[in-house]
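For the single chain, residues carry numbers from 1 onward in sequence order. Just so you know, these numbers use all the heavy atoms, side chains as well, and skip hydrogens, waters and symmetry mates.
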Amino acid sequence: MEKISIIIPAYNTEKFISRCVNCFIEQTYSNIEIILVDDGSTDETAKLCDQFQNKDSRIVVIHKENGGPSDARNVGIDNASGDLITFFDSDDYVEKNYIEYLYNILIKYNTQISACAYNISDENNSILFKIQGKKSEECISKTEFIRRMLVEDGITVSPCFKLFRSGLLKNVRFPKGKLFEDNGTTYKMIDNCKTDIAYGNGAYCYYVMRSNSQMRSDFNIKYIVPALDAFVNYEVPFEG
């Protein structure tokens, strides 16, 4: 059984983090390490992280000065010891078979990356949308995978809801202090991939759309420039 590192940046999510971490402690796939990167939280998040570390030996807690989610993910990558790596946000949650599902389809199709469908829920756990593809399972090319990410065809541009062979992240860093950092980073992991990519429609994970999130806020023109910058200046690779 290969070891899987789960990198979870955490900043002022005391309301959600216990649910998130408990979901991973209870996973049916047990050979995991849960890396909690406390990004300089000012609420009870750091304390809760330490309590979890005392509760489960598979949990590693790293406390650092606030540097944003990109910086926290980079610290997580540097400290990961797994054969495979996945990312998650501390206010989201999963079902018990989430890691096992991603791992099984990766092994089934002999790929270096697997990805899955996901649900979008509100803070009361009501499902708002299900983001999924048209087939229950498939193995698709890198180019097709990137195309489907661009149009949100069952695949998010976020590194979450995906499982990566750790070697694919060797020279990948998230840009510290940038908005829309995923737009110019997830592609690099995909570009490093030497195989097609496994995708499954099992939606065993939940992205929580909080009331104060950018996705739920009114359109703001200030986001246009950083969004374009993510594609133009982050050295986004694309083949074909």
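Without hydrogens or angle criteria, Ser5 side chain to Ile85 main chain gives no donor-acceptor distance under 3.5 Å. At least one donor-acceptor pair closer than 3.5 Å links the side chain of Gln27 to the backbone N or O of Cys23. Distance alone, capped at 3.5 Å, is enough to place a donor-acceptor pair between the Asp122 side chain and the Asn124 backbone. Judged by distance alone, with hydrogens and angles left aside, the side-chain atoms of Ser41 form a donor-acceptor pair with the main-chain N or O of Asn12 at under 3.5 Å. Under the 3.5 Å distance criterion, the side-chain polar atoms of Ser114 are matched with a main-chain donor or acceptor of Leu102. Lys162 contributes a side-chain N or O that, together with a main-chain N or O of Thr156, makes up a donor-acceptor pair within less than 3.5 Å. Remark: side-chain polar atoms of Arg58 are paired, donor with acceptor, to backbone N or O of Ser30 under 3.5 angstrom.
Asp39 has no carboxylate O lying under 4.0 Å from a charged side-chain N of Arg73, or vice versa, which leaves the two without a salt bridge. A salt bridge does not link Asp91 to Lys15: none of the charged nitrogens lies less than 4.0 Å from a carboxylate oxygen.
Interatomic distance, Ile155 CD1 to Ile190 CD1, rounded to the nearest 0.5 Å: 8.0 Å. The distance from atom CD1 of Ile6 to atom CG of Leu84, rounded to the nearest 0.5 Å, is 11.0 Å. Taken from CD1 in Ile77 to CG in Leu169, the straight-line distance is 4.5 Å, to the nearest 0.5 Å. The structure places SG of Cys193 at 12.0 Å from CE of Met189, a figure rounded to the nearest 0.5 Å. Here the straight-line distance linking atom CD1 of Ile99 with atom CD1 of Ile32 works out to 6.5 Å at 0.5 Å rounding. For the atom pair Tyr187 OH and Lys142 NZ, the distance stands at 14.0 Å (nearest 0.5 Å).
Scanning both residues, Gly154 and Ile131, for their nearest heavy atoms gives CA-CG2, 3.7 Å. Here the closest non-hydrogen pair linking Ile105 and Gly200 is CD1-N, 3.7 Å. The two residues Ala10 and Ile17 come nearest to each other via the heavy atoms CB-CD1, 3.7 Å. The minimum heavy-atom distance between Ala72 and Val37, with the atom names listed, is O-CG2, 3.6 Å. A pairwise comparison of heavy atoms in Ile8 and Cys20 identifies CD1-SG, 4.1 Å as the closest pair. Taking all atoms of both residues into account, the shortest heavy-atom contact from Val157 to Thr186 is O-OG1, 2.6 Å.
Val94 and Met209 fall within the same hydrophobic cluster, defined by Ile, Leu, Val, Met, Phe, Trp and Tyr side-chain heavy atoms under 4.5 Å apart, directly or through other members.
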Side chain to side chain contact (heavy atoms under 4.5 Å, CB included) between Tyr109 and Glu137, worked out: CA-CA 10 Å; Tyr109 292 99; Glu137 275 185 20; 3.0 Å; yes
Side chain to side chain contact (heavy atoms under 4.5 Å, CB included) assessment of Ile113 paired with Leu168: CA-CA 9 Å; Ile113 300 174; Leu168 301 180; 3.5 Å; yes
Steps toward side chain to side chain contact (heavy atoms under 4.5 Å, CB included) verdict (Tyr103, Met1): CA-CA 10 Å; Tyr103 182 73; Met1 181 181 281; 6.0 Å; no
Tyr101 vs Lys96, side chain to side chain contact (heavy atoms under 4.5 Å, CB included): CA-CA, chis, key distance, verdict: CA-CA 10 Å; Tyr101 178 76; Lys96 293 181 180 181; over 6 Å; no
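Side chains of Lys170 and Asn192 form no contact here, defined as non-hydrogen atoms less than 4.5 Å apart. Cys139 is listed as a side-chain neighbour of Thr111, based on a closest heavy-atom distance under 4.5 Å. Proximity of Asp89 to Cys160: side-chain heavy atoms (C-beta onward) are separated by under 4.5 Å at one or more points. Looking only at side-chain heavy atoms (C-beta outward), Ser18 and Leu48 come within less than 4.5 Å of each other. Looking at heavy atoms from C-beta onward, Arg165 lies in side-chain contact with Glu2 at the 4.5 angstrom threshold. Side-chain contact between Ile34 and Leu36: present, with at least one pair of heavy atoms (C-beta onward) separated by less than 4.5 Å. Looking only at side-chain heavy atoms (C-beta outward), Gln132 and Tyr199 come within less than 4.5 Å of each other.
Other residues, nucleotides and ligands contribute at most 12 non-hydrogen atoms within 6.0 Å of the NZ atom of Lys135. By the neighbour-count criterion of 12 heavy atoms within 6.0 Å, atom NZ of Lys47 is sparsely surrounded, having that number or fewer from other residues, nucleotides or ligands. Heavy-atom neighbours of Glu152 CD from other residues, nucleotides or ligands within 6.0 Å: above the threshold of 12. By the neighbour-count criterion of 12 heavy atoms within 6.0 Å, atom CG of Asn54 is densely surrounded, having more than that number from other residues, nucleotides or ligands.
With sequence neighbours excluded, the residues forming a side chain to side chain contact (heavy atoms under 4.5 Å, CB included) with Gln53 are Asp50, Ile59, Val61, listed by chain and number. Listed by chain and number, the residues in a salt bridge (Lys or Arg N to Asp or Glu O under 4.0 Å) with Asp196 amount to none (sequence neighbours excluded). In this view, Phe16 satisfies the ring-ring contact (aromatic ring centres under 6.0 Å, His included) rule with no residue, not counting sequence neighbours.
Between the side chains of Thr45 and Asp38, no donor-acceptor pair is found at a separation under 3.5 Å.
Less than 6.0 angstrom separates the ring centroid of Phe87 from the ring centroid of Phe174.
Partner of Tyr118 under the side chain to side chain contact (heavy atoms under 4.5 Å, CB included) criterion, out of Tyr98, Phe161, Tyr204, Tyr206: Phe161 alone.
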